[in-house]
Amino acid sequence: MSVHLEVKNKFGHQKKISDTTEFKELTKKDAEIQLCHELEKLLITATTDKEKYEVDFNGFQKLFRQFLQGTGPSVQWEKIEPLPVDAVKNYASLPEPPVSSIKCMLNKLVVIKLNGGLGTSMGCTGPKSVIPVRNDLTFLDLTVQQIEHLNTHYDADVPLVLMNSFNTEEDTQKVLRKYRGFRIKIYTFTQSKYPRVNKESFMPIVSSLDEDDAEGWYPPGHGDFYESFYKSNLCEAFLSEGREYCFISNIDNLGATVDINILNSLLNPTKPPSPEFVMEVTDKTNADVKGGTLIQYEGKLCLMEIAQVPKEHVDEFKSVKKFKIFNTNNLWIKLGAIARLVKEDSLNMEVIVNPKHLDSGINVIQLERAAGAAMKDFCGALGINVPRSRFLPVKKTSDLLLVKSNLYAMQNGTLVMSNLRAFPTVPLVKLGDNHFAKIQEFLRRFASIPDMLELDHLTVSGDVTFGRGVSLKGTVIIIANHGDRIDIPPGSVLENKIVSGNLRILDH
């Protein structure tokens with residue numbers, strides 16, 4: 001039998017609230033109070049950086065409260081409206097600025113790279129940004145080369161800012177010394193450090209701030225950018241220099257270079273006022289079906305992530321026909337608007353719950369936010385549909401194979417698709433995790449990177465190695481079953497071939 005509580009609303013009428021609802025509310029309140037006590041106990045153990053921990057804990061409590069209040073997907077499907085005609089501009093429609101104005105425009109820009117990630121998914125230790133990707137140059141090397149070229153070529157002064165996490169800060173600082181002689185000013189700030197909480201109890205898994213327990217902490221995603229950037233005082237410093245916009249992107253997206261036409265459209269809009277927030281989107285392919293997309297919702301342009309979609313509509317969300325574009329996470333944002341919204345506490349990004357199973361056997365959750373989700377809080381936000389070449393992330397060794405290959409040439413730190421490739425799309429590459437997921441193992445399996453100019457699709461599974469000077473064309477599938485090994489001979493040309501079984505080439 002269900003018990004009901006009766007309460008009076010502001011008009012004096014009685015309404016019924018089930019005891020289940022009240023129980024849930026009390027449970028949430030209890031969790032919030034318990035977490036507060038645990039964080040206070042943790043703070044007592046701090047021997048250094050107490051103020052920094054206090055600031056981080058305040059931010060975490062705010063996020064935790066938001067998480068407790070959230071119930072189910074945050075998008076009501078029937079409320080999604082068609083995108084207005086002018087919500088997403090086509091990149092091809094953007095005018096080129098006169099060369100004489102480019103220096104002045106660049107001096108109003110700040111380039112920010114999200115540098116909080118480690119290279120663990122590819123078997124590396126330390127910041128992902130120091131993994132060599134091309135000609136022994138790292139992600140960070142290529143970024144510095146690109147901006148130094150801009151500064152030299154246009155006699156400009158574009159600064160580079162790195163948002164590090166506590167995981168990458170120390171190692172990044174060591175690496176930055178080698179750029180001292182370059183024509184580029186590099187700044188860094190560190191994003192928040194939040195405690196991981198036990199999935200069952202919602203309590204932090206660390207018991208002391210002096211313990212060197214890396215598993216107990218996490219950086220809360222790139223949605224943390226706004227507050228951490230503002231608190232670093234860099235935002236106000238750049239505004240005082242007369243800078244107006246920042247361009248933010250993931251450091252592992254090799255296509256995310258400064259684009260003069262986009263910058264011009266922000267600083268010199270054909271229809272004022274200038275947008276405060278621009279998200280670069282690009283056309284979805286079957287490889288991008290899980291990527292966040294743009295929707296019109298309650299009168300505002302919003303980013304919708306797959307985690308916000310009700311289960312019964314997930315297939316519809318993945319449809320390339322209905323949602324044709326996805327977020328590249330290349331964002332152009334007005335610095336003054338960031339300062340205003342942080343000061344007003346007006347940023348309202350959805351909480352992303354990221355469950356993790358730790359090596360210690362504990363199940364934890366990380367509460368995160370995505371930078372693009374703040375789009376709806378800025379004035380005049382819009383999307384720009386950019387060429388696919390501006391989205392070239394390196395998340396796995398299959399991506400690394402593409403960027404190391406002759407599909408690309410390099411110009412001043414920027415990868416440019418070879419004009420010898422007949423069509424602009426990149427091949428679909430799938431490399432088996434067991435033998436290719438870690439970089440050292442991946443590199444050992446290629447005597448040289450194959451010619452891939454005419455490749456459409458490559459699938460490799462099992463114990464496979466490639467000799468020097470191999471050429472791959474059309475669709476190539478190479479499968480070595482368990483216990484078998486395939487050595488592709490040097491100089492082989494594989495065109496529309498399936499290779500399976502055992503093939504060993506031995507020196508004698």
Side-chain angles (χ1 to χ4, degrees), residues 113 115-144 164-165 167-172 174-175 178 214-215 250-254 356-359 392-408 410 413 415 426-452 455 458-472 476-490 492 494 499 502-507:
K113 293 287 180 180
N115 186 44
L118 295 168
T120 45
S121 60
M122 292 200 280
C124 296
T125 55
K128 188 174 182 181
S129 56
V130 299
I131 297 173
V133 283
R134 178 95 187 196
N135 303 354
D136 289 329
L137 297 173
T138 65
F139 292 104
L140 195 49
D141 290 336
L142 295 176
T143 300
V144 169
N164 298 330
S165 67
N167 288 320
T168 62
E169 169 69 14
E170 195 177 329
D171 288 339
T172 301
K174 289 174 188 168
V175 173
K178 73 176 179 180
E215 276 204 329
N250 297 338
I251 198 148
D252 64 6
N253 179 4
L254 294 174
K356 296 265 181 187
H357 182 75
L358 303 184
D359 293 340
L392 188 57
V394 180
K395 302 290 183 192
K396 296 180 172 181
T397 50
S398 49
D399 303 321
L400 198 57
L401 182 64
L402 293 170
V403 300
K404 281 181 174 289
S405 76
N406 61 344
L407 287 165
Y408 294 96
M410 200 156 75
L415 292 187
V426 294
L428 185 61
V429 174
K430 295 178 182 175
L431 302 178
D433 283 347
N434 289 345
H435 295 83
F436 288 87
K438 308 299 182 197
I439 282 186
Q440 296 309 320
E441 178 85 348
F442 160 83
L443 293 172
R444 192 180 65 73
R445 293 183 173 276
F446 292 93
S448 71
I449 301 297
D451 170 357
M452 296 165 63
L455 179 69
L458 172 67
T459 295
V460 183
S461 177
D463 188 358
V464 179
T465 62
F466 291 79
R468 193 166 289 280
V470 171
S471 182
L472 305 172
V476 178
I477 299 169
I478 306 167
I479 309 283
N481 293 320
H482 184 68
D484 291 345
R485 175 171 157 182
I486 295 175
D487 295 330
I488 304 297
S492 300
L494 299 179
V499 182
N502 227 336
L503 177 60
R504 300 289 301 274
I505 308 251
L506 304 172
D507 292 329

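These figures come from a predicted structure and were not determined experimentally. Just so it is clear, the values below take in all heavy atoms, side chains as well, and ignore hydrogens, waters and symmetry mates.
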- For residues Ser448 and Gly469, report the shortest heavy-atom separation together with the two atoms involved. OG-N, 3.0 Å

- If you measure from NZ on Lys128 to NZ on Lys395, what distance do you get to the nearest 0.5 Å? 5.0 Å

- Message: Any side-chain to backbone donor/acceptor pair from Gln440 onto Gly123? Under 3.5 Å, distance only.
- Response: no

- Query: Can any side-chain N or O of Arg134 pair as donor or acceptor with the backbone N or O of Met410 at less than 3.5 Å?
  - Reply: no

- Message: With a 4.5 Å cut-off on side-chain heavy atoms, are Leu407 and Pro427 touching?
- Response: yes

- Query: Between the side chain of Thr138 and the main-chain N/O of Asp141, is any donor-acceptor distance below 3.5 Å?
  - Reply: yes

- Query: Any side-chain heavy atom of Glu215 within less than 4.5 Å of one from Asp359?
  - Reply: yes

- Task: Working to the nearest 0.5 Å, report the span between CZ of Phe466 and CG of Leu401.
- Result: 8.0 Å

- Look up atom CG in Leu254 and atom OH in Tyr408, then write down how far apart they are to the nearest 0.5 Å. 9.0 Å

- Task: Report the residue from Asn164, Ile251, Asn253, Asp252 that forms a side-chain contact (heavy atoms from CB on, under 4.5 Å) with Lys113.
- Result: Ile251

- Message: Nearest 0.5 Å, please: how far is CG in Asn481 from CZ in Arg485?
- Response: 15.5 Å

- Between Phe446 and Phe442, the two heavy atoms sitting closest are CD1-O, 3.2 Å

- Look at the side chain of Thr168 and the backbone N and O of Asn115, then say whether any donor-acceptor pair between them is shorter than 3.5 Å. yes

- What do you reckon, is NE2 of His482 surrounded by more than 12 foreign heavy atoms closer than 6.0 Å? no

- Message: Is it true that, when you exclude Lys430 itself, more than 12 heavy atoms of the residues, nucleotides or ligands shown sit nearer than 6.0 Å to its NZ?
- Response: no

- Ser461 side chain vs Ile479 backbone, donor-acceptor pair below 3.5 Å: no

- Would you mind reporting whether Asp171 and Val130 have side-chain heavy atoms less than 4.5 Å apart? no

- Note on the structure: When rounded to the nearest 0.5 Å, the distance separating CD1 of Ile131 from CD1 of Ile439 is 4.5 Å

- Exercise: identify the closest heavy-atom pair between Gly467 and Ala447: C-CB, 3.7 Å

- Task: Report the C-alpha distance between Lys404 and Leu443 in whole Å, list the side-chain angles of each, state the deciding distance to 0.1 Å, and finish with yes or no for side chain to side chain contact (heavy atoms under 4.5 Å, CB included).
- Result: CA-CA 11 Å; Lys404 281 181 174 289; Leu443 293 172; 4.1 Å; yes

- Task: Return yes if some donor-acceptor pair links the side-chain N/O of Thr397 with the main-chain N/O of Phe436 below 3.5 Å, else return no.
- Result: yes

- Query: So, for Val470 and Pro489, which heavy atoms are closest and what is the spacing to 0.1 Å?
  - Reply: CG2-O, 3.6 Å

- Message: Using the rule given for salt bridge (charged side-chain N to carboxylate O under 4.0 Å, His left out), can you reason through Asp433 versus Lys396, listing the C-alpha separation, both sets of side-chain angles and the distance that settles it, and then say yes or no?
- Response: CA-CA 10 Å; Asp433 283 347; Lys396 296 180 172 181; 5.4 Å; no

- Message: Measuring from atom CG of Leu472 to atom CG of Asp451, what distance do you get when rounded to the nearest 0.5 angstrom?
- Response: 7.5 Å

- Task: Please check if atom CZ in Arg468 has more than 12 non-hydrogen atoms from other residues, nucleotides or ligands closer than 6.0 Å.
- Result: no

- Query: Which atom pair, heavy atoms only, marks the closest approach of Ser405 to Pro450?
  - Reply: CB-O, 4.3 Å

- Query: Which of these, Asp487, Asp463, Thr465, sits in a side-chain hydrogen bond (donor to acceptor under 3.5 Å, both in side chains) with Arg445?
  - Reply: Asp463

- Got a sec: does the CD of Glu170 have more than 12 other heavy atoms crowding it under 6.0 Å? no

